[in-house]
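For reference, the structure is listed below as structure tokens.
Model, not experiment: these values are computed from the prediction. Just so it is clear: chains get the letters A, B, ... in the order the sequence lines come, proteins before strands, and each one is counted from 1.
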There are 2 protein chains.
Amino acid sequence: MPTIYEVSKLAGVSLATVSRVMNNTSPVRESTRKKVEAAMAELGYRPNSIARSLASNRSDSIGILVSELHGPFYGAMISSIEAEFRTAGKHVIIAAGHSEEATERDGIEFLLSRNCDALILHVEAVSDEYLVQLKAKEIPFVLINRQVPALQPQCISLNNKLGGYLATQLLLRQGHRQLGYISGPLWKTDAQDRYRGHQLALQEAGLDWDPKRLFEGDYHEDGGSAGIRYFLQQGIPLTALICANDEMASGAMTEAREQGLFIPQQLSIIGFDNVMLSHYTYPKLSTIDYPIAAMGQMAARWVLKEVYQQKQPELQLVFEPRLIERDSCVVQPQP
Amino acid sequence: MPTIYEVSKLAGVSLATVSRVMNNTSPVRESTRKKVEAAMAELGYRPNSIARSLASNRSDSIGILVSELHGPFYGAMISSIEAEFRTAGKHVIIAAGHSEEATERDGIEFLLSRNCDALILHVEAVSDEYLVQLKAKEIPFVLINRQVPALQPQCISLNNKLGGYLATQLLLRQGHRQLGYISGPLWKTDAQDRYRGHQLALQEAGLDWDPKRLFEGDYHEDGGSAGIRYFLQQGIPLTALICANDEMASGAMTEAREQGLFIPQQLSIIGFDNVMLSHYTYPKLSTIDYPIAAMGQMAARWVLKEVYQQKQPELQLVFEPRLIERDSCVVQPQP
DNA sequence: AGACTAAATGTAAGCGCTTTCATTTATAGC
DNA sequence: GCTATAAATGAAAGCGCTTACATTTAGTCT
């Protein structure tokens with residue numbers, strides 16, 4: 001593997017000039033640039049990114065921490081982030097936090113130790129104070145799907161409350177009055193916000209809010225099926241069900257069917273996130289779109305702008321969810 | 001951020017000794033080790049991985065190239081690879097190849113330029129010769145889901161033929177005689193192999209192989225629905241359908257239902273891969289399990305052993321698929 | 001043409017670590 | 001107690017690049 005030194009010798013210029021040609025960091029006469037480029041081509045020179053990083057104190061790498069690497073949700077997010085950085089010549093280092101505080105801290109430590117220029121964090125378990133402290137350290141970072149008041153300008157989030165509101169509103173519009181709600185773990189802020197949106201929609205419609213009609217799930221399929229069993233066992237009549245994510249909606253759908261209910265005729269179900277699986281269910285799941293790819297891209301642009309000083313169009317920090325109507329919610333037949 | 005130099009000063013030893021303490025690269029007296037560790041703790045020292053890489057000529061990073069970052073299949077693979085390396089203190093750099101030759105080469109170039117110690121490649125479009133040439137370069141790599149004869153010892157693959165065989169065998173055992181097959185793009189070797197397994201099973205059962213009963217799909221949902229339309233239009237009677245992956249099976253299922261067929265009563269469908277979506281379909285999809293997580297882990301171990309000289313249990317290069325019976329295939333009722 | 005300024009290029013000092021080789025210190029043998 | 005040997009430590013030379021600063025070359029003006 002040839003080094004910059006060999007290139008400079010072959011081209012008959014100094015190291016510095018070769019470096020300048022590579023980085024466009026100061027003007028070089030056209031003729032010398034040509035010579036250098038020819039030498040690079042002849043040797044098949046490829047700059048050593050490690051050496052470059054050490055000298056320049058940039059690693060051109062961005063750390064990403066997500067809860068899970070598999071699963072449709074994070075896949076879409078990582079995918080859009082990688083694409084954005086790739087065209088910018090940066091690369092992405094990935095770690096998983098598994099929604100546990102210790103693992104998340106660990107992951108951040110790990111990324112820090114790899115000398116990332118910036119971090120993009122989708123963390124849930126770590127405390128706000130921890131993040132504020134992290135800010136005090138040298139490293140710039142963006143938060144996805146989390147609002148920390150002190151860190152406002154670096155939080156990219158979804159209006160989860162609006163999402164819960166939209167989902168509920170659809171069902172109300174369809175004439176449903178007996179609603180159930182399966183939430184995510186309520187210590188997670190997004191789960192709380194979605195539920196608040198639900199409550200707001202109920203309230204606006206002048207409906208009572210009944211705590212029995214809330215079941216706290218786990219954002220996994222099991223949560224959905226457990227929710228269905230809960231409502232049935234408690235004898236709570238339901239014509240429509242809101243699930244705080246698509247996986248729980250899927251679990252609920254399966255369980256409801258096993259319990260003999262026809263979906264959507266006897267029970268309308270709406271999910272949240274619009275991950276890929278919502279295409280695959282039968283009936284196809286109505287849901288709330290979480291524009292995670294766009295948000296990932298925005299996070300990448302944030303970094304490009306704030307850390308690498310690239311000019312970027314106006315950054316958008318808050319995203320709006322959108323209602324996706326498919327087949328799992330229908331108008332409540334008049335009794 | 002403190003450097004090794006400051007640690008050495010505080011501990012009253014030389015740089016070399018601190019380095020030795022960190023890397024266990026040669027024995028250090030217990031008392032000095034204590035001193036050094038105390039100094040590191042006091043300063044909150046964290047080694048600079050960039051500098052370390054430059055000096056040692058290792059980057060402790062492994063490049064991974066997959067076709068897509070999103071989607072359940074690659075997610076599972078990346079997840080298991082990351083987990084394995086993470087515990088080894090290595091990290092993973094990811095690029096997407098999008099099943100296109102130019103992009104794949106590009107991705108490899110990109111990873112090479114990041115000074116990866118090794119690559120794990122899930123490539124489809126790039127030629128065998130290219131890979132053989134790559135081997136001639138300095139960089140070690142493993143291939144996942146690909147067999148290159150000259151690169152045998154670094155290929156981790158699934159016995160795809162057996163998978164096609166198993167799927168077909170199930171349907172035959174269930175009494176089906178009118179089978180259809182929706183393959184992946186036949187320029188992909190895995191698509192070919194799966195189909196060969198299908199042919200073999202037919203042959204063993206003494207059944208004719210009819211080229212009209214093959215539809216070449218694209219491994220996406222559309223391929224599945226197009227396949228159903230094809231069989232219907234051609235008036236080819238079918239009681240069971242083998243799809244070369246789960247996505248096409250899902251597409252086929254949806255389309256068949258829209259065409260008025262009851263699944264599985266009128267048409268049994270089996271998929272391939274056992275990706276997450278196969279849980280979500282209705283009826284739940286019977287399929288062939290592709291142990292992608294295990295294979296990813298094995299690829300990581302290959303690297304740990306061959307590149308980092310870590311001792312590892314015997315490496316397994318060929319994996320066997322397994323039949324997963326769910327609800328989408330039933331015994332063919334006697335006519 | 002000479003003086004002055006701007007543009008282009010070169011020089012060399014690091015960046016923070018690893019690692020070879022030399023040196024010092026402890027251990028053992030007699 | 002003194003040498004022979006092994007163990008522990010230190011000194012210093014890079015790894016391949018960037019970049020501040022110095023120097024040279026070209027360009028402009030009078």
Side-chain angles (χ1 to χ4, degrees), chain A residues 1-40 43-61 89-90 112-117 138 308-309, chain B residues 1-40 43-61 89 91 112-117 138 308-309:
Chain A
M1 190 96 292
T3 73
I4 195 177
Y5 176 70
E6 295 163 47
V7 173
S8 77
K9 237 179 21 184
L10 180 59
V13 299
S14 72
L15 291 188
T17 302
V18 178
S19 174
R20 284 177 189 117
V21 170
M22 286 194 292
N23 301 300
N24 275 314
T25 170
S26 99
V28 171
R29 198 178 313 151
E30 195 49 30
S31 60
T32 49
R33 153 167 277 121
K34 283 271 166 58
K35 275 193 301 185
V36 171
E37 280 167 351
M40 298 207 290
L43 293 171
Y45 171 73
R46 200 189 301 124
N48 180 322
S49 63
I50 303 280
R52 183 197 294 236
S53 296
L54 183 60
S56 67
N57 203 29
R58 284 179 295 100
S59 65
D60 285 337
S61 70
K90 317 290 179 199
L112 249 29
S113 81
R114 304 322 290 210
N115 298 79
C116 295
D117 294 337
E138 68 295 350
Y308 297 111
Q309 274 80 43
Chain B
M1 189 95 295
T3 73
I4 194 177
Y5 175 71
E6 294 163 47
V7 174
S8 77
K9 238 176 24 182
L10 181 58
V13 299
S14 72
L15 292 188
T17 301
V18 178
S19 174
R20 285 179 188 114
V21 169
M22 286 195 290
N23 300 298
N24 275 312
T25 169
S26 97
V28 171
R29 198 180 313 153
E30 197 49 33
S31 60
T32 49
R33 152 166 279 120
K34 284 270 166 56
K35 274 193 301 186
V36 171
E37 279 167 351
M40 298 206 292
L43 293 172
Y45 171 73
R46 199 189 303 124
N48 180 324
S49 62
I50 302 280
R52 181 195 294 234
S53 295
L54 184 61
S56 65
N57 203 29
R58 284 179 295 99
S59 65
D60 286 337
S61 71
H91 79 266
L112 248 30
S113 80
R114 303 324 289 211
N115 299 76
C116 295
D117 294 337
E138 66 294 351
Y308 297 111
Q309 275 79 42

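For the side-chain contact (heavy atoms from CB on, under 4.5 Å) criterion with B/V28, the lone passing option out of B/V21, B/V18, B/V36 is B/V21.
When the local axes at the two ends of the helix from C/dA1-D/dT30 to C/dC30-D/dG1 are compared, using 5 base pairs at each end, they differ in direction by 30° after rounding to 10°.
For A/V28, taking side-chain heavy atoms from C-beta onward, the closest of the listed nucleotides C/dT18, D/dT18, C/dT9 is C/dT9.
In this entry the distance linking NZ of A/K9 with C1' of D/dG16 reads 15 Å, nearest Å. Going from atom CD of A/E6 over to atom C1' of D/dC17 covers 13 Å, rounded to whole Å. Residue A/N24 contributes atom CG, which lies 17 Å from atom P of C/dA7 at whole-angstrom precision. The nearest whole Å value for the distance from the CD atom in B/E30 to the C1' atom in D/dA8 is 13 Å. We find that OH of B/Y45 is positioned 7 Å from C1' of C/dC17, with the value rounded to whole Å. Taking atom CD1 of residue A/I4 and atom P of nucleotide D/dT19, one finds them 11 Å apart after rounding to whole Å. Separating the CZ atom of B/R58 from the C1' atom of C/dT18 is a distance of 9 Å, rounded to the nearest angstrom. Following rounding to the nearest Å, A/N115 (CG) and D/dC17 (P) show an atom-to-atom distance of 18 Å.
Note that CZ of B/R114 is 8.0 Å distant from NZ of A/K90, once rounded to the nearest 0.5 Å. With rounding to the nearest 0.5 angstrom, the OG1 atom of A/T32 is 9.5 Å from the CD atom of A/E37.
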Donor-acceptor list for residues 4-15 of chain B side chains, cut-off 3.5 Å, not counting sequence neighbours:
| residue | atom | partner | partner atom | Å |
| --- | --- | --- | --- | --- |
| B/S8 | OG | B/Y5 | O | 2.7 |
| B/S14 | OG | B/A16 | N | 3.4 |
| B/S14 | OG | B/T17 | N | 3.4 |
| B/S14 | OG | B/T17 | OG1 | 3.3 |

Counting only pairs under 3.5 Å, give me each side-chain donor-acceptor contact of residues 48-59 of chain B, with atom names and distances, residues two or more places apart or in other chains.
| residue | atom | partner | partner atom | Å |
| --- | --- | --- | --- | --- |
| B/N48 | OD1 | B/I50 | N | 2.8 |
| B/N48 | OD1 | B/A51 | N | 3.0 |
| B/S49 | OG | A/S113 | O | 3.0 |
| B/S49 | OG | A/N115 | OD1 | 2.8 |
| B/R52 | NH1 | B/N23 | OD1 | 3.2 |
| B/S53 | OG | B/S49 | O | 2.9 |
| B/S53 | OG | B/R58 | O | 2.9 |
| B/S56 | OG | B/R52 | O | 2.7 |
| B/S56 | OG | B/R58 | N | 3.4 |
| B/R58 | NH1 | B/D60 | OD1 | 2.9 |
| B/R58 | NH1 | B/D60 | OD2 | 3.4 |
| B/S59 | OG | B/S61 | N | 3.3 |
| B/S59 | OG | B/S61 | OG | 2.9 |
| B/S59 | OG | B/N115 | O | 2.5 |
| B/S59 | OG | B/D117 | OD1 | 3.2 |

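In this structure, B/S26 does not reach the D/dA8 phosphate: none of its side-chain N or O atoms is under 4.0 Å from OP1 or OP2. Dashed line: the shortest gap from a side-chain N or O of B/S19 to OP1 or OP2 of C/dT18 is under 4.0 Å. Look at A/R52 and you won't find any side-chain N or O under 4.0 angstrom from OP1 or OP2 of D/dG16. Here B/Y5 does not reach the OP1 or OP2 of D/dA11: none of its side-chain N or O atoms lies under 4.0 Å away.
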Distances for protein N/O vs nucleotides 21-25 of chain C N/O pairs under 3.5 angstrom?
none

Which atoms of nucleotides 12-15 of chain D (N or O only) lie under 3.5 Å from a protein N or O atom, and what are those distances?
| residue | atom | partner | partner atom | Å |
| --- | --- | --- | --- | --- |
| D/dC15 | O2 | B/A55 | N | 3.3 |

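With sequence neighbours left out, the side-chain hydrogen bond (donor to acceptor under 3.5 Å, both in side chains) criterion links B/S26 to B/R20.
Nucleic acid contact class of B/S53 (heavy atoms, under 4.0 Å, all strands): none.
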